[in-house]
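Beneath this line is the structure, given in C-alpha cells, with notes to follow.
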Amino acid sequence: MKKELQLEPINTWAPTAHHPLIISGPCSAETEQQVITTAKQLAATGNVHVLRAGIWKPRTRPGQFEGMGLEGLNWLIQAKKETGLPVATEVANAAHVEACLKLGVDILWVGARSTVNPFSVQEIADALKGVDVPVLVKNPVNPDLELWIGALERLNKAGITKLAAIHRGFSSFEKGPFRNAPMWDLAIELKTRIPELDIICDPSHICGTRELIPFIAQKALDLDMAGLMIESHINPDAAWSDAKQQVTPAVLAKIVKGLVVRTPSPDDKNVKDSLSVFREQIDQLDDEIMQKFAARMKISEKIGQFKKENQVTILQVNRWEEIIHTRVALGLAMGLSEEFSREMLKLVHQESIQVQTKIMNKADVKV
Ligand code: PEP
Ligand code: MN
C-alpha cells in the first residue's frame with residue numbers, strides 16, 4: 001500500500017481563498033506591453049486571482065514560438081508588481097525552477113508534456129527540495145492516471161505539500177469537438193483516489209476554441225473543481241501560441257460572471273429539490289447529445305470530401321431510406337414516437353447534406 005500524500009488544501013495556501021480560484025493570463029508572454037496590458041485589464045475585472053503566462057513553451061513541433069525565456073519572466077514579475085496579483089508559470093526543468101524562485105514567481109506548474117516524463121518530474125522535484133512553493137500538476141498528455149498521480153507523489157516526496165492538479169484534457173487519436181478530450185472520468189477517479197487533492201480545470205486547453213470554454217468551465221464547477229485556468233490575451237487572434245482558444249480580458253470576465261457556483265454541503269441532497277436533480281441529469285445528457293451531433297457532422301464532412309474526390313452524388317436515396325428505417329425502428333423499440341424520430345432524423349440529414357454541399361462546392365487549393 002502506497003503512502004498517502006501529505007497535502008494542504010488549496011484554500012489554505014492559494015493567495016486569495018476564492019472559490020472558484022480563477023487563474024488567467026496569456027498562453028505565452030510575448031512582449032512587455034502585451035503582458036502588462038493583459039495583466040492590468042484582467043486585474044481590473046476583479047474576477048482574477050492569479051496571473052499566468054507561459055515563459056518557456058513546450059511545443060509539439062519545432063520551429064514554433066518557444067517562449068521569451070528570462071526576459072518574459074521579468075515582465076511577469078513586473079505585472080505582479082503593477083497589479084498586486086500573484087503570478088504563475090510553467091516549469092519544465094531545474095533551471096526554470098531556479099529562475100522562478102529567484103525572481104519570486106508565486107505558483108509553479110508542471111505542463112502536460114512534462115508530467116508524462118518521470119525524469120523531468122524528478123528533476124523538477126529535486127530542484128524544489130526544501131522549498132515551500134505551491135505547485136500545480138497538469139494531467140499527462142495521454143490518459144494515464146498513474147503518471148498523473150506519480151508526478152504528484154514525486155513532488156510530495158520532495159516536500160511540496162501545497163499541491164493541486166490541473167485537468168487539461170487528454171490527447172486522443174479520435175478527433176472530437178475538443179482539442180483535448182475531457183475524459184471527466186479520469187479527473188473524477190483522481191478525486192476518488194485522493195479526495196483531499198484539489199483539482200483546477202483548464203477549459204482553454206480542453207476546448208481549443210474559445211466558444212466552448214463557458215460550457216466546460218461550468219461543467220468543471222458542477223463537478224466541484226476548485227478553480228479554473230483560462231487563457232486570456234489582449235488580442236487573442238494575434239497571439240503567438242494557442243490563438244483560437246484565448247479570450248480578451250473582457251470576455252474572460254463575462255465567462256466568469258456567467259458561471260453558476262453551486263456549493264456542495266453535507267446535506268446537499270436534501271436541500272436540492274428533485275427538479276434540480278433531474279435538470280442536472282438533462283444537462284448532462286444534452287451535453288453528450290450535442291457532442292455526438294458534432295462528431296457526426298465531422299464524419300459528414302469526411303464523406304463529403306470522399307464523394308467529391310470520387311464524383312459521387314451527395315444524396316443517395318437508398319442510404320437515406322435505410323437510415324430512416326433502422327433508426328425509427330430502434331427509436332420505437334426504445335419508446336420514442338415515430339414522428340419524433342422522423343423529424344429529428346430529417347433535421348440531422350438536412351444539416352448533413354448542407355455540410356457536404358459546402359465541401360463539394362469548396363474550390364480546391366492548388367499546390
Ligand atoms: C499552457 O498552459 O499554455 C500549456 C502549454 O498547457 P499544457 O501543458 O496543458 O499543454
Ligand atoms: Mn496554451
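The structure presented is a predicted model; accordingly, all values stated were derived computationally and were not measured. Values below: all heavy atoms of this structure, side chains included; hydrogens, waters and symmetry mates excluded. For ligands, and for the atoms within them, numbers begin at 1 and follow the listed sequence.
Looking at Gln246, Arg179, Arg59, Arg52, it is Arg52 that brings a heavy atom closest to atom 2 (O) of ligand 1. Across Lys138, Arg168, His167, heavy-atom proximity to atom 6 (O) of ligand 1 is greatest for Lys138.
In this structure, a donor-acceptor pair under 3.5 Å is present between the side chains of Asp242 and His205. Judged by distance alone, the side chains of Gln350 and Gln354 never bring a donor and an acceptor atom under 3.5 Å apart. Side chains of Gln284 and Glu288: a donor on one and an acceptor on the other come within 3.5 Å.
In Glu90, the part holding a heavy atom less than 4.0 Å from any atom of ligand 1 is the side chain.
Vertex the Mn ion (ligand 2); arms to His205 atom NE2 and Glu231 atom OE2; angle 90° (nearest 10°).
The residue from Arg179, His233, Glu211, Arg210 that alone fulfils the side chain to side chain donor-acceptor pair (under 3.5 Å) condition with Gln245 is Arg179.
Here Glu231 does not pair with Lys244 in a salt bridge; the nearest charged N to carboxylate O distance is not below 4.0 Å.
The ligand atoms of ligand 1 that sit less than 4.0 angstrom from a heavy atom of Lys57 are 1 (C), 3 (O), 5 (C). Short contacts between ligand 1 and Gly111, defined as distances under 4.0 Å to a heavy atom of the residue, involve ligand atoms 8 (O). Residue contact check: Cys27 has heavy atoms under 4.0 Å from atoms 3 (O) of ligand 1. Contact atoms of ligand 1 toward Arg113: 7 (P), 8 (O), 10 (O) (distance under 4.0 Å to a heavy atom of the residue). In the vicinity of Trp109, heavy-atom distances shorter than 4.0 Å reach the ligand 1 atoms 2 (O).
Under the 4.5 Å side-chain heavy-atom criterion for grouping Ile, Leu, Val, Met, Phe, Trp and Tyr, Val121 is not connected to Ile160 through any hydrophobic cluster.
If you look at Asp242 and ask which of its N, O or S atoms sits nearest the Mn ion (ligand 2), the answer is OD2.
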